[in-house]
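Presented below is the structure to which this report refers.
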Amino acid sequence: MTDNKAISRETLESMLKAINMGVLLVDHDCKVLFSNHFMSINSGRSAEELVGRTLFEVFPELPEVWTRQKINSVVTLQNFAFTSWQQRPHLFNFESTRPISGLVGHMYQNCTFFPVQDADGGSLGVGLAISDTTDTAARQLELTHLNELLEEEKSAQALLIARLEEAQAQLLQSEKMAAIGQLAAGVAHEINNPIGFVCSNVNSLRRYLVDLFALLDAYEQASDEKHAQAHPELAAMRDKADYDFMRQDIDELIVESVEGLDRVTRIVKDLREFSHVDSYEWQLADLHKGLDSTLNVIWNEIKFKAQVIKRYGDIEPIECMGSQINQVFLNLLINASHAVGVDGEIIINSGREDGGVFVEVVDNGHGIPLDIQNRIFEPFFTTKPVGMGSGLGLSLSYSIIVKHHGRLTVESEPGRGSCFRAWLPLRQPQVQAHATSAVEGC
Ligand SMILES: Nc1ncnc2c1ncn2[C@@H]1O[C@H](COP(=O)(O)OP(=O)(O)O)[C@@H](O)[C@H]1O
Ligand SMILES: [Mg+2]
């Protein structure tokens with residue numbers, strides 16, 4: 001232990017003056033009684049200039065009301081008070097030079113207010129101990145900043161994960177759809193054969209019935225009154241069977257059955273064309289057939305909403321993956337049917353252009369606002385209510401067309417309608433060698 005009495009007042013004062021933190025002593029009126037070197041160096045004023053004047057004259061940046069309150073409370077309660085750089089970063093307007101970069105900035109400070117008594121134990125005033133916390137503050141602020149960046153990255157990752165999960169769900173869904181498509185195509189394939197022979201049998205039956213009725217007519221004409229009297233049971237049988245009605249009805253039944261069979265044949269054909277299980281490879285395909293089968297598949301969805309006008313041009317078969325191009329047509333047509341209101345109209349144009357072919361789906365719907373026209377091809381971008389749109393139709397279509405070395409573009413006028421245009425080359429550059437020569441519908 002050091003003996004306090006051995007240290008002179010001058011020694012203590014010179015220590016206070018030299019210490020590497022600010023020391024001030026003020027009286028109850030905030031008049032400066034003592035100020036050390038730290039305060040002079042940082043304020044640019046000598047101790048003589050500071051002492052004898054109020055804090056607010058020499059340090060105008062100090063908040064007067066707040067400072068007086070602090071000093072009064074320390075005097076009254078004879079307690080310590082503290083303010084940290086987080087609450088008041090720059091209490092005194094001092095500068096600080098960073099050791100490595102040499103950059104000059106505001107000094108961050110902590111300040112302790114402590115009661116000071118005179119030799120008789122009476123209250124002399126309040127001491128202020130000001131420490132430079134710029135290093136700590138700089139590190140802390142940098143950490144906070146890094147933390148914020150990490151948080152931002154974390155939420156960006158969370159968003160990404162959510163999107164990935166959604167994409168995976170979508171992928172599963174499309175795999176499911178593909179499986180259903182294959183199943184449908186398989187069933188369609190299986191039905192194709194029996195439907196074929198039922199059709200042919202019904203047609204034969206129809207011919208036989210014509211002959212059979214002709215034969216019956218001939219019998220009727222040949223039989224005379226005598227013959228009828230000899231065989232009254234024949235007339236009874238005829239009445240019982242309601243022969244005249246049956247004859248007429250058989251004709252109608254046959255006509256209806258042939259119509260029904262035609263419809264089944266068409267549905268089976270459309271299903272096979274649309275799902276095109278055998279076309280997951282590049283083939284020459286007739287786009288008009290693809291458009292027609294796609295239209296048939298979604299006809300129920302479209303027929304009450306819009307009138308469909310086909311303006312097919314003269315185009316030749318192109319090398320493509322039929323089922324994928326049909327998927328594009330499906331997305332464009334469904335979007336168009338979602339966009340139209342009363343008096344909806346969807347026009348399908350096709351033609352040759354630029355050494356390739358184009359297909360346009362034009363609607364007279366609500367159109368696309370200018371500010372979102374460049375976003376509609378983004379995955380998950382949708383303006384439709386939850387459950388109505390996944391926002392994947394156009395992005396999927398875009399990637400299919402790009403994979404085909406084509407272009408998918410849009411022109412739209414809000415309030416008047418939209419035109420989606422797919423342009424496709426006649427042949428694929430890298431797969432030319434594998435193209436089959438068979439011409440297939442999409
Ligand atoms: N024919 C169209 N008319 C107006 N807006 C359209 C049309 N086609 C697409 N859009 C806009 O583009 C968005 C994205 O379309 P899409 O990728 O097919 O996703 P979804 O149909 O699931 O919303 C739609 O939500 C819609 O705002
Ligand atoms: Mg869509």
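Note: hydrogens, waters and symmetry copies are ignored here, and every other heavy atom, side chains too, is used. Each ligand, and each atom within it, is numbered from 1 in the order the structure gives.
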Proximal ligand 1 atoms for Ala339, defined as those under 4.0 Å from one of its heavy atoms: 2 (C), 3 (N), 4 (C)
Which residue and atom name correspond to the protein heavy atom nearest atom 23 (O) of ligand 1, and how close is it? Thr382 OG1, 2.5 Å
Using 2.8 Å as the threshold, say whether any N, O or S atom from Asn335 sits that close to the Mg ion (ligand 2). yes
The closest protein heavy-atom partner of atom 19 (O) of ligand 1 is Gly391 CA, 3.1 Å
Ignoring angles and geometry beyond distance, decide whether Ile372 reaches within less than 3.5 Å of ligand 1 through its nitrogen or oxygen atoms. no
Between the side chains of Glu378 and Arg375, is the shortest nitrogen-to-carboxylate-oxygen separation below 4.0 Å, so that they form an ion pair? yes
Output the list of atoms in ligand 1 that are nearer than 4.0 Å to some heavy atom of Gly393, sorted by atom number. 16 (P), 17 (O), 18 (O)
Give a yes or no on whether a salt bridge exists between Arg206 and Asp251, defined as a side-chain N under 4.0 angstrom from a carboxylate O. no
Minimum-distance protein heavy atom relative to atom 14 (C) of ligand 1: Phe381 O, 3.3 Å
Less than 4.0 angstrom from a charged side-chain N to a carboxylate O is my criterion; do Glu259 and Arg263 meet it? no
So which heavy atom on Leu291 is nearest to which on Tyr312, and how close? CB-OH, 3.4 Å
shortest atom 21 (O) of ligand 1-to-protein heavy-atom contact is with Lys384 NZ, 2.7 Å
Can you check whether Asn335 has an N/O within less than 3.5 Å of an N/O in ligand 1? yes
Sequence neighbours left out, what passes side chain to side chain contact (heavy atoms under 4.5 Å, CB included) with Arg45? Give chain and number order. Ser43, Glu49, Leu50, Arg53, Val58
Electrostatic pair Arg407-Asp354, nearest N-O below 4.0 angstrom: yes
If we only count heavy atoms from C-beta on, is the Ile348 to Glu360 side-chain gap below 4.5 Å? no
Pair Glu353 + Arg421, salt bridge at N-O below 4.0 Å: yes
By number and element, which atoms of ligand 1 are closer than 4.0 Å to a non-hydrogen atom of Leu394? 9 (C), 12 (O), 15 (O), 16 (P), 17 (O), 18 (O)
Is the closest heavy atom of Asp363 to ligand 1 under 4.0 Å? yes
Can you name the atoms of ligand 1, numbered from 1 with element, that are less than 4.0 Å from a heavy atom of His366? 4 (C), 5 (N)
Within the structure provided, determine whether Leu25 and Val32 are in side-chain contact (heavy-atom separation under 4.5 Å). no
Does Phe420 have a non-hydrogen atom less than 4.0 Å from ligand 1? yes
Nearest neighbour in protein (non-hydrogen) for atom 12 (O) of ligand 1: Ile376 CG2, 3.2 Å
Kindly say whether the aromatic ring centers of His404 and Trp282 come within a distance under 6.0 Å. yes
Can a non-hydrogen atom of Ser418 be found less than 4.0 Å from any atom of ligand 1? yes
May I ask you to list the atoms of ligand 1 that are less than 4.0 angstrom from any heavy atom of Ile368? 4 (C), 5 (N), 6 (C)
So, regarding Thr383 and ligand 1 (criterion: nitrogen or oxygen to nitrogen or oxygen, under 3.5 Å), is there a contact or not? yes
Step through it carefully: locate the ring centre of His90, locate the ring centre of Tyr108, and say whether they are under 6.0 Å apart. yes
